[in-house]
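Remember, it's 1-based here, ligands and their atoms both numbered in the order they're listed. On a predicted model such as this, the values are computed, not experimentally measured, just so you know.
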Amino acid sequence: MSAPVHLPPLRATPEWGALAAHQRALRDVTLRQLFATDPGRGTRLVAEGAGLYLDYSKNLVTDETLRLLQELARARGVLARRDAMFRGDRINRTEDRAVLHVALRAPRGTQISVDGRNIVPEVHEVLDRMAAFADRVRSGTWRGHSGKPLRNIVSIGIGGSDLGPVMAYEALRFYSRRDMRFRFVSNVDPADFVEATHDLDAAETLFIVCSKTFTTLETLANAHAAREWCLAALGGDAAAVAKHFVAISTNAAEVARFGIDTANMFGFWDWVGGRYSMDSAIGLSTMLAIGPDGFREMLAGFHAMDEHFRTAPAGGNLPLLMGLLAVWYNNFFGAQTVAVLPYSRYLKRFPAYLQQLTMESNGKQATLANEAVDVQTGPVYWGEPGTDGQHSFYQLIHQGTRLIPCDFIGFEQALTPLGGQHELLMANLLAQTEALASGRTADQLRAENTPDWLVPHRVCPGNRPTNTILAGRLTPGTLGALVALYEHSVFTQGAVWNINSFDQWGVELGKQLARKVTAELQARDEPELHHDSSTNALIRRYRAARRSGG
Ligand code: F6P
């Protein structure tokens with residue numbers, strides 16, 4: 001077990017005090033003023049790395065803010081902790097594990113050691129097996145039990161074993177095999193499995209059961225349902241499982257117990273967190289969709305951002321900047337959320353993916369010194385693609401009373417050009433960030449002859465901070481870089497707060513209680529209940545309704 005990381009409480013540090021004083025001094029400075037007094041701001045407060053361009057000039061920051069934030073990062077040892085992660089130190093101390101998702105995209109020939117063993121060759125061995133399997137399925141040489149090629153891929157998993165694969169499939173759909181169907185089943189609600197399979201022919205269907213632990217209730221329930229569905233349709237011969245099921249897991253014993261031959265298992269390792277695993281074998285559905293070369297291109301994008309994070313100077317380091325800006329608003333402006341607004345329909349699941357990445361990582365209350373953290377930790381991440389969001393919740397961002405920092409993500413080239421629609425899309429992105437920064441003043445409104453009584457309703461205060469992230473086009477490589485950007489931004493925030501971004505103990509309590517309640521819901525005789533009176537009454541009501549068929 002690695003030693004506790006003793007850092008002074010944040011509020012007591014001079015760096016925190018300096019930022020708090022600076023924020024007070026900046027209170028009356030507006031983005032309008034900052035742009036007016038510094039014409040070069042929009043080209044100076046930008047950074048580039050791994051094919052992504054970050055414009056952070058529309059943030060409530062000055063050069064002094066950035067200097068103070070970097071001082072904070074230095075005082076909290078963010079870069080030293082980054083180096084410890086890349087080195088393979090056991091920085092996930094509550095689970096006594098290294099944190100090496102960066103090894104999943106390390107090129108062949110790289111050396112990264114865990115307990116003295118170079119793990120990069122193992123990573124490539126699994127990737128090569130995945131590629132050989134994907135080629136066989138895609139070419140139709142891997143056949144189902146009745147001899148038909150497999151054209152339907154159903155990935156079963158939840159959380160990190162689902163959100164990455166779904167997001168990546170949607171994001172990279174343009175590059176995917178259009179003659180194959182991809183479905184994702186996560187929820188234990190039977191509707192999820194039934195709707196995903198109702199129109200599929202089992203003879204042409206491959207199930208990928210994704211679970212790091214292979215003990216997750218939802219995934220196992222759906223995997224059992226899949227086996228029954230498949231065998232019922234294929235004449236009940238258990239030998240069919242070998243042709244229609246593969247498993248992705250770190251737990252070979254449980255995979256075998258379920259009945260999947262471990263020859264059909266693709267492994268990963270305990271040093272890959274579930275929410276950091278979309279580029280491991282958990283991404284097999286992505287590889288089946290876009291092919292092994294596309295998948296490798298995605299890994300190269302991840303790696304380019306890893307290298308950028310590892311080596312770029314602090315002032316131009318995208319994940320470091322984004323992480324520190326998130327701390328700035330969260331801790332010094334009391335912002336409770338961050339909106340992520342991709343101007344790409346293909347990225348429609350990206351905000352949902354980021355919710356697990358950011359909130360399961362940094363929703364923590366104890367420090368790495370086993371003490372209570374003395375500041376707010378992870379903000380709520382949320383979002384929807386533009387322009388849909390504009391006609392829904394942007395009103396609150398423009399004129400509501402809360403500060404909501406936003407990340408706008410856009411692409412210079414359309415994958416699917418259609419007249420001038422891509423310009424319309426991007427014009428909206430640019431217009432929104434401008435409107436949020438500059439707003440519309442009462443004077444402007446009066447000059448436009450707005451009646452006095454209406455002016456307060458139409459004023460947009462502006463001064464709403466945004467990041468703009470631009471890339472050439474949405475490719476597998478761009479997606480990899482984008483995901484790694486957020487992974488390392490999350491890391492930066494967690495390092496400042498001195499929390500463990502790589503465990504998730506909070507999820508356990510609900511899981512334990514669900515096991516108990518399941519037994520109580522299913523019991524034949526009336527069970528003795530020892531919950532709070534609300535839970536007891538709800539259980540009784542449910543049981544009564546089921547008894548009466550209601
Ligand atoms: O929700 C908790 C969690 O452990 C996540 O961290 C993880 O991604 C998910 O459950 C699924 O776990 P597994 O891959 O082991 O089925």
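- Contacts with ligand 1 closer than 4.0 Å are made by side-chain heavy atoms of Val507 only, the backbone lying farther away.
- Pairs of residues two or more places apart, or lying in two chains, never qualify as salt bridge (charged side-chain N to carboxylate O under 4.0 Å, His left out) while including a residue from residues 321-331.
- Closest to atom 8 (O) of ligand 1, if we only count protein heavy atoms, is Gly160 N, 2.7 Å.
- Geometric assessment of Lys243 against the ring of Trp142 yields a positive cation-pi assignment under the 6.0 Å and 45° thresholds.
- The residue Glu218 has no part lying near ligand 1, judged by heavy-atom distances below 4.0 Å.
- Applying the 4.0 Å criterion to heavy atoms of Lys511 picks out, from ligand 1, the atoms 2 (C), 4 (O).
- Listed by number with element, the atoms of ligand 1 under 4.0 Å from a non-hydrogen atom of Ile158 are 9 (C), 11 (C).
- Heavy-atom contacts from other residues, nucleotides or ligands closer than 6.0 Å to CZ of Arg81 number more than 12.
- Protein heavy atom at the shortest distance from atom 5 (C) of ligand 1 is Glu360 OE1, 3.4 Å.
- Counting only heavy atoms of the protein, atom 15 (O) of ligand 1 lies nearest to Thr213 OG1, 2.6 Å.
- Scanning both residues, Ser161 and Ser211, for their nearest heavy atoms gives OG-CA, 3.9 Å.
- Backbone and side-chain nitrogen or oxygen atoms of Thr219 are examined, and none is located within less than 3.5 angstrom of a nitrogen or oxygen of ligand 1.
- Residue, atom and distance of the protein heavy atom nearest to atom 12 (O) of ligand 1 are Thr216 OG1, 3.5 Å.
- Counting the atoms of ligand 1 from 1 in the order shown, those under 4.0 Å from a heavy atom of Ser161 are 13 (P), 14 (O).
- Judged by distance alone, the side chains of Thr250 and Trp269 never bring a donor and an acceptor atom under 3.5 Å apart.
- Residue contacts with ligand 1 for Lys212 involve both N, CA, C or O and side-chain atoms from C-beta outward (heavy atoms, distance under 4.0 Å).
- Look at Arg183 and Asp199 and you find a salt bridge, because one of the NZ, NE, NH1 or NH2 atoms lies within 4.0 Å of a carboxylate O, short of that distance.
- For Arg227 and Phe258, the positive end sits near the middle of the six-membered ring, less than 6.0 Å away and at most 45° from its axis.
- A side-chain donor-acceptor contact under 3.5 Å links Arg93 to the backbone of Ala3.
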